[in-house]
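Just below is one structure, and these are the notes that go with it.
Remember, it's a predicted structure, so these values are computed and weren't measured experimentally.
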Amino acid sequence: LALATRASIYLLTPLILARRNSTMADSGASDGGGSTSAAGTSTSAAGAFQAMGSKMQSFSPGGQCSFPSRITSLTVFQRPKQRQRWGDKQVLPHTNWGDLFFDLFYVAAAYNLSNIILTDPNAQGVLYFIGLFGPIMAEWFTRMYYDSRFAFGDDPFHRLFEVINLCFLATAVVHIRTVDVMSNPSQYPDMFAYALGMTLLSFMSICRNIELMLFVEGEPAAKIVAKRDIINQIGQGIFYLAAAVVAGTQYHSNFSKANSSGGSASDYGYGHDDSQHRFLLGTSGLCSNMMDLIGNVASTCGLRIRNLAEASDYGSKVSAENGYGYDGGYSTTNIPLWLCLGGYLYNMTHFLVMVIFFFPGGGKHKAISVPMNIDFCIHRLGEWIMLLLGESVLSLLIVETSMSKDYYITFYCGIISVVLLQYLHFRSQPHHASEHAMRRNKNAGMVFSYLMQTYSFALVSVGVSFKMLLYEFIYEANGGYKLRRLLQLLRDSAMRHLAGEGGPKYSTDERQQRVANFFCGSLAIAWICLDLMILTHQGLRSNVRRCECQITKKISKLGVLFAFIRVGLVAFIASLSQYVKNPELIAIIGMVAIIAQVFMRVLGDMIYPKAKVASAGDGHGDGDGDGDDGSESDSEEDRWPNVTRARAEHVDGKNVKNDKDEERGD
């Protein structure tokens with residue numbers, strides 16, 4: 001495609017220029033007898049075109065042709081560039097709309113992942129949630145670390161590369177399904193498609209780093225970084241490829257047996273007569289038709305009834321019409337899931353080993369690494385947290401409604417809790433590179449990365465817990481919702497027959513206990529991660545010094561009291577589910593606890609003196625520094641390459657524009 005595009009440009013451009021030249025010549029001849037002003041205009045236009053054409057050589061079969069500068073800018077491929085060198089004062093790059101579009105796929109991924117816990121609030125559901133979320137999240141962090149160090153051009157080659165990469169990501173995201181589906185690779189192709197999508201994403205990352213090794217414009221260390229990342233991606237890719245092979249082999253084997261016996265893959269190989277299941281599927285279809293009929297009648301009466309299949313009961317499994325409702329005789333296996341989880345753990349282990357054992361201290365790490373733009377990382381991590389909190393918002397808003405008072409109390413408690421969680425997060429994180437863990441110390445940056453990923457798991461789990469709390473009120477007996485109860489009764493009856501079970505998987509008390517455990521445990525883990533991330537940013541010693549009296553240098557009793565209160569809040573919310581399981585009460589207490597956390601954070605900032613940054617180095621190394629005082633400047637001087645955005649400097653109380661902005665007319 002690149003060669004064809006370039007050939008088209010070289011072949012068609014001389015013809016277009018020749019046509020334009022003849023057109024302007026004809027126009028000049030026709031206007032020759034006109035007014036003086038018209039003649040002058042024509043002469044000046046012809047002169048301008050002649051001046052532009054003088055930059056070209058004559059095009060002939062045996063000669064060479066060079067084009068005007070505006071045409072040579074249409075390049076098919078641009079070499080990637082190192083974003084900044086060691087010692088450069090970093091400035092936040094352009095806001096890249098492509099990054100925001102890339103994040104939209106992860107909104108869908110978080111929502112699909114939440115359905116895993118929604119349908120299986122047990123240990124196996126947590127295993128599949130982590131095993132499927134980990135590889136997807138590792139891909140996002142890999143992309144962030146790449147973009148913080150390198151920049152590629154806005155050219156057709158890289159745009160096509162990005163489109164292909166997004167298609168592979170979409171393949172993995174769309175096939176994230178419930179445990180019933182992902183644990184049955186012989187019956188459903190979703191596990192195979194997910195593992196294949198992750199394998200292809202690893203392959204694209206390898207290609208991206210090979211491009212760096214061959215064409216990067218930057219320091220020699222850039223190629224060393226590319227080699228190191230290739231090793232990491234190859235290791236991950238082997239795990240994902242093995243998962244795809246295992247899942248694909250099972251599905252293909254079952255499909256081949258079905259074809260050889262004249263059946264289909266969906267109804268073969270379960271060791272029992274499927275005539276009863278066929279009959280029950282017909283019964284389910286009859287129930288579905290009855291639901292549609294009643295829904296049409298209700299709509300004519302002005303009632304707004306939504307499709308209950310969209311909000312399936314997580315205690316009874318999902319609809320049998322999708323094939324997820326019964327497990328009799330299925331060949332279940334967790335091997336592909338463990339392989340995908342192994343790929344994610346390999347990525348984490350590789351990062352740990354490289355940082356601890358292969359990054360020398362004393363500033364020597366700069367010879368084998370490329371500096372990251374820490375401001376860019378802070379910006380992207382903020383967007384990452386917003387999309388995870390967006391999953392919580394979707395969980396609260398895309399759900400069946402109820403007219404009960406308890407439902408709306410839980411609903412608004414959830415909304416307020418999500419808003420305060422957003423405030424609590426950004427209140428706890430630094431907004432400047434000089435205060436961040438990745439600038440302070442390489443080990444602190446590594447620990448921060450691990451904590452951020454654990455925090456991400458917890459945030460998604462908190463969001464789906466809100467939905468599970470709301471579902472408890474949707475399916476309870478409310479006198480004002482007789483029709484809704486009738487529809488649910490028909491649907492649950494068909495599902496129980498299809499599942500071969502006498503009732504839902506969990507009783508009401510057991511289900512509410514599991515919901516309370518998920519909510520309280522996830523919220524406690526999120527708070528613990530936030531507090532530990534503060535320690536990585538400021539250091540343990542700096543935080544201990546904040547508890548000292550500035551005059552006597554003794555430990556402040558008030559500071560110790562505040563620390564104990566914050567620890568007590570975490571312990572309280574972690575153990576809350578052991579003595580409270582009422583959904584409404586859980587939501588109210590959780591909201592009050594989050595308000596208390598925000599209040600303690602604000603009050604602590606007022607009482608404690610601001611911690612001094614432990615290191616003012618210029619990068620995410622070991623804090624040795626190289627003459628940079630850690631402060632960031634809006635100046636774009638000494639920047640290579642110039643990938644910064646337009647911004648204003650604050651000088652002597654006045655906002656003055658950057659010189660480059662004035663040259664551009666900004």
* For Thr536 and Met533, indicate whether the former's side chain and the latter's backbone hold a donor-acceptor pair under 3.5 Å. => yes
* To do: Would you mind checking if Arg601 and Asp531 are paired as a salt bridge, meaning a charged N to carboxylate O distance below 4.0 Å?
  => yes
* Can you label the angle between the Tyr145 ring and the Phe141 ring as parallel, tilted or perpendicular, going by 30° and 60°? => tilted
* To do: Kindly state whether the ring of Phe203 and the ring of Phe168 have centres lying under 6.0 angstrom apart.
  => no
* Counting distance only, does the side-chain N/O of Trp86 pair as donor-acceptor with the main-chain N or O of Ser369 below 3.5 Å? -> yes
* Measure up the Phe152 and Tyr146 rings against each other and bin them: parallel (under 30°), tilted (30 to 60°), perpendicular (over 60°). => tilted
* Structure fact -> The reported gap from CG in Leu459 to OG1 in Thr454 (rounded to nearest 0.5 angstrom) is 11.0 Å
* Hey, what do you get for CD1 (Ile206) to CG (Leu200), rounding to the nearest 0.5 Å? -> 11.0 Å
* **Check: Leu345 main-chain N/O paired with Thr349 side-chain donor or acceptor under 3.5 Å** => yes
* Structure fact -> Residues Leu113 and Ile176: closest non-hydrogen pair is CD2-CG2, 3.8 Å
* **Salt-bridge criterion met for Arg143 and Asp99 (N-O under 4.0 Å)** => yes
* Which heavy-atom pair separates Ile116 from Arg177 by the least distance, and what is that distance? -> CG1-O, 3.4 Å
* Structure fact -> Here the pair of heavy atoms bringing Pro430 nearest to Ile378 is O-CG2, 3.8 Å
* To do: Give a yes or no answer on whether the side chain of His431 reaches the backbone of Phe426 with a donor-acceptor pair at less than 3.5 Å.
  => yes
* Parallel, tilted or perpendicular for Phe157 and Phe77, by the 30°/60° rule? -> perpendicular
* Step by step, would you call Val418 with Phe466 a side-chain contact (heavy atoms from CB on, under 4.5 Å)? -> CA-CA 10 Å; Val418 172; Phe466 283 125; 3.9 Å; yes
* **Trace of the side-chain contact (heavy atoms from CB on, under 4.5 Å) decision for Phe161 with Ile164** => CA-CA 5 Å; Phe161 186 92; Ile164 297 174; 6.0 Å; no
* Asked: Salt-bridged, Glu383 to Arg380, with N to O below 4.0 Å?
  -> yes
* Under 3.5 Å donor-acceptor, Tyr106 side chain and Trp384 backbone -> no
* For Arg228, does its backbone N or O pair with a side-chain atom of Asn232 as donor and acceptor, under 3.5 Å? -> no
* Asked: Considering only heavy atoms from C-beta outward, does the side chain of Met213 approach that of Ile230 to under 4.5 Å?
  -> yes
* Determine the minimum heavy-atom distance between Ser522 and Ala458, stating which atoms define it. => O-CB, 3.5 Å
* Asked: With a 4.5 Å heavy-atom cut-off, do Val163 and Leu166 have their side chains touching?
  -> no
* To do: Starting at OG1 of Thr199, measure out to CD of Gln236 and round the result to the nearest 0.5 Å.
  => 10.5 Å
* Structure fact -> Value for CG (Asp229) from CD1 (Ile234), rounded to nearest 0.5 Å, stands at 11.0 Å
* **Counterpart residues, salt bridge (charged side-chain N to carboxylate O under 4.0 Å, His left out), relative to Arg427 (two or more places apart)** => Asp605
* Quick one: are Phe102 and Trp140 in side-chain contact, heavy atoms under 4.5 Å? -> yes
* Val225 backbone acceptor or donor facing Arg149 side chain under 3.5 Å -> no
* **Heavy-atom closest contact (Gln233 atom, Ser202 atom, distance)** => OE1-CA, 3.7 Å
* To do: Using modelled atom types only, decide if a donor and an acceptor are shared between the side chain of Ser205 and the backbone of Leu201 within a distance under 3.5 Å.
  => yes
* To do: Report yes if some heavy atom in the side chain of Leu530 is under 4.5 Å from a heavy atom in the side chain of Gln429; otherwise report no.
  => yes
* Can you measure from CZ (Phe448) to CE (Met452) and round to the nearest 0.5 angstrom? => 3.5 Å
* **Main-chain N/O of Gln84 paired with Glu219 side-chain donor or acceptor, under 3.5 Å** => no
* For residues Phe105 and Ile136, determine if any side-chain heavy atom of one lies less than 4.5 Å from a side-chain heavy atom of the other. => no
* Asked: Atom CE of Met372 and atom CE of Met144: how far apart are they, to the nearest 0.5 Å?
  -> 6.5 Å
* To do: Would you kindly say whether Gln78 and Asp155 are connected by a side-chain donor-acceptor distance under 3.5 Å?
  => no
* Look at the side chain of His537 and the backbone N and O of Ala437, then say whether any donor-acceptor pair between them is shorter than 3.5 Å. => yes
* Asked: For Ala222 and Gln82, which heavy atoms make the closest approach, and how far apart are they?
  -> CB-OE1, 4.2 Å
